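Written below as structure tokens is the structure these notes are about.
These figures come from a predicted structure and were not determined experimentally. Counting starts at 1 for both ligands and their atoms, following the listed order.
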Amino acid sequence: MGAVRETVDYRKKNGVVRNDFVNLLLQLQQNGQVDPDHDSPDKGKEVSHSPDTDFTLTDELLAAQCLVFFVAGFETSSTTMSFCIHELAVNPHIQDRLRDEVDSVLSKHGGQVTYEAVHEMSYLDMVVAETLRKYPPLTELDRICTVAYTIPGSNVKIEEGTKLIIPVYAIHHDPKYYPDPEKFDPERFTEEQKASRHHFVYLPFGEGPRICIGMRFGLIQTKLGIASLVSKFIFSATSKTPAKLQMDPKATVASAVGGINVRITART
Ligand code: HEM
């Protein structure tokens with residue numbers, strides 16, 4: 001609350017406008033709507049909002065949005081990067097292939113890890129997708145049933161109002177969908193392999209109207225991190241690196257018992 005209040009007070013007092021999330025929330029609080037971008041086709045037009053709601057964005061709610069974006073936005077991506085580094089350390093052939101791709105794409109882009117460069121890295125996309133399959137940072141999704149539903153082919157009826165847990169980790173480790181599920185295998189994410197599976201057996205970002213709002217941002221920041229690390233360092237297993245990580249059953253965001261231990265060597 002203090003950090004947000006200080007930022008808001010400072011901006012108001014000094015007339016500071018920054019093109020960021022806090023600015024959007026301030027516009028929403030002050031005008032009941034977010035202003036269109038300067039170069040947006042909507043600039044100058046009246047933007048509709050919902051005058052029929054009596055919703056007020058209080059300072060507490062504003063701070064809560066900042067907290068949720070901070071927790072949901074950083075912990076998930078850094079967890080993904082950590083598990084990815086572990087798998088690269090215990091699978092040197094995958095690490096070598098990834099580094100070859102990163103080196104070759106970066107050389108075309110003047111050595112800069114840019115948005116465009118990362119989009120060209122198709123093997124990186126497969127490696128990150130497989131990391132999110134094996135270690136989904138949010139291991140379950142929560143829902144409340146809004147319409148009574150009978151699961152097809154069974155007599156299981158879910159009544160309206162029932163709280164449901166969708167077991168993402170268990171689905172991602174079900175050998176019916178992912179044979180030899182403990183094996184880290186980015187080849188599961190070729191276009192062909194992806195098309196052969198039911199869409200909902202891969203849920204690292206959830207699904208439906210409440211799917212992760214930061215999915216693209218989360219993916220790009222994770223890939224930027226991995227590409228930049230792999231271009232500068234080599235990761236290898238040590239005596240403290242288990243081949244199979246033991247997951248902490250009590251963790252809210254997936255985490256390994258004893259943390260992640262790898263040797264990091266700068267490339268020469
Ligand atoms: C690798 C990175 C990330 C993963 C694995 C992840 C995963 C998830 C999952 C599983 C959900 C629940 C979706 C559902 O119930 O269907 C979620 C929701 C959410 N995520 Fe992410 N997320 C990531 C990055 C981010 C980032 C970068 C942000 C913001 C900058 C973010 C903001 C949110 C918010 C605000 C929600 C709640 C959305 C709602 O309830 O409408 N996430 N995320």
Side-chain angles (χ1 to χ4, degrees), residues 3-4 7 18-26 28 34 50 53 55 57 60-88 98 113 115 118-119 121 124-147 149 158 162-173 178 184 186 188-189 194 198-230 245 247-248 251-256 260:
V4 173
T7 306
R18 288 186 55 190
N19 189 16
D20 64 7
F21 187 61
V22 169
N23 195 46
L24 297 177
L25 288 172
L26 279 175
L28 207 54
V34 168
S50 324
T53 63
F55 177 80
L57 186 60
E60 284 78 12
L61 269 175
L62 195 149
Q65 305 315 305
C66 294
L67 179 75
V68 92
F69 265 69
F70 194 74
V71 176
F74 286 110
E75 195 55 34
T76 45
S77 298
S78 55
T79 296
T80 310
M81 282 187 240
S82 304
F83 283 122
C84 186
I85 294 298
H86 166 81
E87 289 294 343
L88 295 178
L98 178 62
V113 188
Y115 180 83
V118 167
H119 270 289
M121 298 176 186
L124 174 64
D125 185 69
M126 290 159 65
V127 168
V128 170
E130 173 66 345
T131 308
L132 286 165
R133 195 273 310 166
K134 198 170 168 191
Y135 308 99
L138 298 189
T139 55
E140 308 169 343
L141 301 173
D142 306 306
R143 291 292 186 272
I144 297 177
C145 175
T146 53
V147 180
Y149 179 76
I158 303 171
T162 309
K163 288 184 184 170
L164 303 168
I165 290 176
I166 294 144
V168 176
Y169 185 91
I171 296 172
H172 285 193
H173 287 251
Y178 300 100
F184 184 81
R188 300 183 203 269
F189 289 90
K194 281 194 284 186
H198 191 288
H199 184 64
F200 292 161
V201 299
Y202 186 64
L203 296 166
F205 294 100
E207 253 309 335
R210 300 306 291 263
I211 194 170
C212 174
I213 200 169
M215 177 169 74
R216 286 174 187 78
F217 182 51
L219 275 174
I220 197 78
Q221 77 177 346
T222 302
K223 290 183 190 176
L224 281 168
I226 296 292
S228 140
L229 287 168
V230 161
L245 292 171
M247 302 306 284
D248 181 350
T252 342
V253 175
S255 95
I260 305 233

Ligand 1 and E207, any nitrogen or oxygen pair closer than 3.5 angstrom?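 There is such a contact, yes.
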Note the single closest protein heavy atom to atom 14 (C) of ligand 1, along with its residue, its atom name and the distance in Å.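 Here the closest protein heavy atom is R210 O, 3.2 Å.
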T222: what forms a side chain to side chain donor-acceptor pair (under 3.5 Å) with it, not counting sequence neighbours?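 Scan of T222 (side chain to side chain donor-acceptor pair (under 3.5 Å), adjacent residues dropped) gives none.
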Mind checking side chain to side chain contact (heavy atoms under 4.5 Å, CB included) for I165 and listing every partner two or more places apart, or none if nothing turns up?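 Partners of I165 under the side chain to side chain contact (heavy atoms under 4.5 Å, CB included) test: E140, D142.
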Do other residues, nucleotides or ligands put more than 12 heavy atoms under 6.0 Å from the CD1 atom of I213?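 No, not enclosed.
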Measuring from atom 12 (C) of ligand 1, which candidate in V253, L141, T131 has the nearest non-hydrogen atom?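 Comparing heavy atoms across V253, L141, T131, the nearest one to atom 12 (C) of ligand 1 lies in L141.
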Atom indices of ligand 1 within 4.0 angstrom of T80 heavy atoms, with elements: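 Every atom of ligand 1 under 4.0 Å from some heavy atom of T80: 1 (C).
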Atoms of ligand 1 close to P137 [distance to a heavy atom under 4.0 angstrom, numbered from 1]: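 Those atoms are 5 (C).
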Minimum heavy-atom distance H119-I220, with the two atoms named: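 Looking at all heavy atoms of both residues, the closest pair is NE2-CD1, 4.0 Å.
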Pair up each side-chain donor or acceptor in residues 79-86 with any protein partner under 3.5 Å, not counting sequence neighbours, and list the distances.
unit_1 : atom_1 : unit_2 : atom_2 : d
T79    : OG1    : E75    : O      : 2.7
T80    : OG1    : T76    : O      : 2.7
S82    : OG     : S78    : O      : 2.9

For F74, is there any backbone N or O sitting under 3.5 Å from a side-chain donor or acceptor partner on Q221?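 Here the side-chain-to-backbone pair does not exist.
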Using modelled atom types only, decide if a donor and an acceptor are shared between the side chain of T162 and the backbone of I158 within a distance under 3.5 Å.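 Not at all, since once roles are kept as given, no pair shorter than 3.5 Å links the two residues.
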Could you tell me whether atom 37 (C) of ligand 1 has a protein heavy atom closer than 4.0 Å?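 No, because not a single protein heavy atom sits under 4.0 Å from atom 37 (C) of ligand 1.
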Drop me the distance from Y202's OH to H172's NE2, to the nearest 0.5 angstrom.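 Spacing of OH (Y202) from NE2 (H172) equals 6.5 Å.
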Cation-pi between R133 and F189: NZ/CZ under 6.0 Å from ring centre and within 45° of the ring axis?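 Judged by the rule, R133 and F189 form no cation-pi pair.
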Less than 2.8 Å from atom 21 (Fe) of ligand 1 is the window; count the protein N, O or S atoms in it.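 Every protein N, O or S atom under 2.8 Å from atom 21 (Fe) of ligand 1 counted, the figure is 1.
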